[in-house]
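First up is the structure itself, then whatever we jot down about it.
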Amino acid sequence: AAVASIIFGVLIIIKGAKELLECLKAKKKNIFDLIAPIVTIIIGAMLIAGKFLDWFFIVVGVVFIINGVLELLGKKK
C-alpha cells in the first residue's frame, strides 16, 4: 500500500505540473486556474509524505475537498 501511495502521489504531481504549465502558457489567466494545479501538486506531495506521517492523510482529505471545489469553480467558463 505504501508503494501504491508513492506512485499515485508522483502521478498526481506530474498531472498538477502539466496543468500548471498549461495555465502559465495561456493568455487569459484566472486565479482559480492557477490555484487548482498548485493544490494538486500539494496533494501529490502529501501522499508521498503520508507514507511517513499517518496524520497527513487527514490533511490530504481536506485538501482533496478544497481541490474539488476549486476545480468546479474553475470549470465554469
Side-chain angles (χ1 to χ4, degrees):
V3 175
S5 69
I6 291 174
I7 292 171
F8 188 59
V10 170
L11 291 175
I12 288 178
I13 290 174
I14 292 170
K15 177 187 177 289
K18 180 183 165 194
E19 289 178 1
L20 184 61
L21 289 175
E22 290 174 2
C23 288
L24 292 176
K25 290 180 183 178
K27 305 241 184 231
K28 188 173 82 171
K29 294 180 183 173
N30 186 359
I31 189 70
F32 290 112
D33 292 338
L34 292 174
I35 291 176
I38 292 171
V39 172
T40 304
I41 293 170
I42 292 171
I43 290 171
M46 286 185 176
L47 278 175
I48 293 171
K51 176 181 179 252
F52 307 107
L53 300 170
D54 291 337
W55 59 270
F56 265 156
F57 283 109
I58 296 170
V59 177
V60 168
V62 172
V63 174
F64 266 129
I65 293 170
I66 294 170
N67 189 28
V69 169
L70 289 174
E71 288 287 334
L72 284 175
L73 293 175
K75 297 294 181 186
K76 293 182 182 177
K77 294 181 182 181

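Quantities reported herein were computed from a predicted structural model and do not represent experimental measurements.
Across every non-hydrogen atom of Pro37 and Gly16, the tightest pair is CB-O, 3.4 Å.
When the side chains of ILVMFWY residues are joined at heavy-atom separations under 4.5 Å, either directly or via intervening members, Ile65 and Ile43 end up in two distinct hydrophobic clusters. Cluster membership for Val39 and Leu21, using ILVMFWY side-chain heavy atoms within less than 4.5 angstrom, is not shared.
Within the model, atoms CD1 of Ile41 and CD1 of Ile12 stand 11.5 Å from one another, a figure rounded to the nearest 0.5 Å. To the nearest 0.5 angstrom, Leu34 atom CG is 7.0 Å from Leu20 atom CG. Of the inter-residue distances, the one linking Ile35 atom CD1 with Thr40 atom OG1 reads 11.5 Å to the nearest 0.5 angstrom. To the nearest 0.5 Å, atoms CD1 (Ile13) and CD1 (Ile42) are separated by 10.5 Å.
Around atom CZ of Phe64, more than 12 heavy atoms belonging to other residues, nucleotides or ligands sit under 6.0 Å away.
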